[in-house]
Amino acid sequence: MLARWGLLPVRDGGKLAQRLVAHHEPVFAYDRVERGVPRNQDREAQAEEYSEKKAHRLKNMTLCDSTQYVHYLSPTEGGRCHDKRLADEYALGLPTGSVLCQGLGLLGHAPAGVLMEMPHKKPPRGELTFAQLLYNRLLSLLRVVIEHAHRGIKRLRMVQDRVRLRGEWRRDTVMVVARGLHDLHIRAPSAPTRPINSTPKSNKVY
């Protein structure tokens, strides 16, 4: 069904440029989304899924535009994998001249031909200048879009709560479906809303 409606995400980052070459606004946000899983009985699997947040989690990298539409969803990896390592393992191929906004967790990640926008990091025993603070504040307005997109993906309770399904394919498919439902919500026309000051008509007969 998602394939019929054209809502399947790009899973190979190298093929992103083909989809985004004619994008009207080449400004994108890039970050990872996490979800919890129960503690695995296998010790090796426990080590792979145990993240720095002291919990067992799964990770995916996502890329969205200013409308919160998620164009790219990386393969699922365990929570132990660092964001930078995950981004390097599944490299992005973006159109030349695109702008990519990302956080400090991806410091050093820079696809070829792309303008990188990252917040300034506070130096040891120092303070950021006013210009740097202002830049960080303005950049946060662009980067917060992907946080809203992740929240939209987690409308599906199976992603918001712990994923109790077993098997890598099932867990990955759940994320693909959740992303597809989110993008369907983004593409769907907005439902008409009643003005705030208007009062509903009562059907009561006096």
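Atoms CZ and CG, on Phe130 and Leu133 in that order, are 8.0 Å from each other to the nearest 0.5 Å. Atoms CZ and OG, on Phe28 and Ser66 in that order, are 9.0 Å from each other to the nearest 0.5 Å. For the atom pair CD1 of Ile186 and CG of Leu181, the computed distance is 12.0 Å after rounding to the nearest 0.5 Å. Rounding to the nearest 0.5 Å gives a distance of 12.5 Å between NE2 of His148 and OG1 of Thr67. Taking NE2 of His109 as the reference point, atom CG of Asp83 lies at 11.0 Å (rounded to 0.5 Å). Between atom NE2 of residue His56 and atom CD of residue Glu48 there is a gap of 12.5 Å, rounded to the nearest 0.5 Å.
Side-chain contact between Glu117 and Leu139 is present, with heavy atoms from C-beta onward closer than 4.5 Å. Residues Arg125 and Pro123 form no side-chain contact, since every pair of their non-hydrogen atoms from C-beta on lies 4.5 Å or further apart. Side chains of Gln102 and Arg143 form no contact here, defined as non-hydrogen atoms less than 4.5 Å apart. The closest side-chain heavy-atom distance from Val33 to Lys154 is below 4.5 Å.
Under the 4.5 Å side-chain contact rule for hydrophobic residues, Leu100 and Leu20 share a cluster. Cluster membership for Val163 and Met61, using ILVMFWY side-chain heavy atoms within less than 4.5 angstrom, is not shared. Val114 and Leu63 fall within a single hydrophobic cluster, where Ile, Leu, Val, Met, Phe, Trp and Tyr side chains are chained together by heavy-atom contacts under 4.5 Å. No single ILVMFWY cluster, assembled from side-chain heavy atoms under 4.5 Å apart, contains both Val10 and Val70. Using a 4.5 Å cut-off between side-chain heavy atoms of Ile, Leu, Val, Met, Phe, Trp and Tyr, with links allowed through other members, Val99 and Leu106 fall into different hydrophobic clusters.
Atom CZ of Arg39 is surrounded by 12 or fewer heavy atoms from other residues, nucleotides or ligands within 6.0 Å. Enclosure of atom CZ in Arg155 by more than 12 non-hydrogen atoms of other residues, nucleotides or ligands within 6.0 angstrom is indicated. The 12-atom threshold is not exceeded at CD of Glu168, counting heavy atoms of other residues, nucleotides or ligands nearer than 6.0 Å. Atom NZ of Lys121 has 12 or fewer heavy atoms from other residues, nucleotides or ligands within 6.0 Å. Heavy-atom contacts from other residues, nucleotides or ligands closer than 6.0 Å to CZ of Arg11 number more than 12.
Of the residues Asp172, Leu92, Asn60, the one that meets the side-chain contact (heavy atoms from CB on, under 4.5 Å) test with Ser74 is Asn60.
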Could you walk me through whether Asp183 and Arg187 pass the salt bridge (Lys or Arg N to Asp or Glu O under 4.0 Å) test, one step at a time?
CA-CA 6 Å; Asp183 284 354; Arg187 281 190 174 181; over 6 Å; no
CA sep, side-chain torsions, deciding dist, call: Leu73, Met175, side-chain contact (heavy atoms from CB on, under 4.5 Å)
CA-CA 9 Å; Leu73 178 71; Met175 197 64 183; 4.0 Å; yes
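For the pair His182 (side chain) and Arg151 (backbone), a donor-acceptor distance under 3.5 Å is absent. Not a single donor-acceptor pair under 3.5 Å links the side chain of Arg57 to the backbone N or O of Val37. The closest donor-acceptor contact from the side chain of Thr173 to the backbone of Trp169 lies under 3.5 Å. Counting only distance, with no hydrogens or angles, the side chain of Gln132 and the backbone of Thr129 share a donor-acceptor pair below 3.5 Å.
In this structure, Glu77 does not pair ionically with Lys59, as no charged nitrogen and carboxylate oxygen lie closer than 4.0 Å. Using a cut-off of 4.0 Å between Lys/Arg side-chain N and Asp/Glu carboxylate O, Asp161 and Arg35 are scored as not salt-bridged.
Geometrically, Arg179 engages Tyr69 in a cation-pi contact, judged by NZ or CZ lying under 6.0 Å from the ring centre and within 45° of the ring axis.
Here the closest non-hydrogen pair linking Pro38 and Arg166 is CB-NH2, 4.4 Å. Residue Gly103 comes nearest to Pro119 through the heavy atom pair CA-CD, 4.4 Å, listed as atom of the first residue, atom of the second, then distance. Contact detail for Val145 and Leu141: the closest heavy-atom pair is CG2-O, 4.1 Å. Closest approach of Val159 and Ala178 over heavy atoms only: CG2-CB, 3.5 Å. The shortest non-hydrogen separation linking Val174 to Leu156 is O-CD2, 4.2 Å. For the residue pair Asn136 and His120, the shortest heavy atom distance occurs at OD1-N, 2.8 Å.
In summary, the side chains of Asp65 and His71 do present a donor paired with an acceptor at a separation below 3.5 Å, with no hydrogens or angles considered. When only modelled atom types and interatomic distance are considered, His150 and Arg32 share no side-chain donor-acceptor pair under 3.5 Å.
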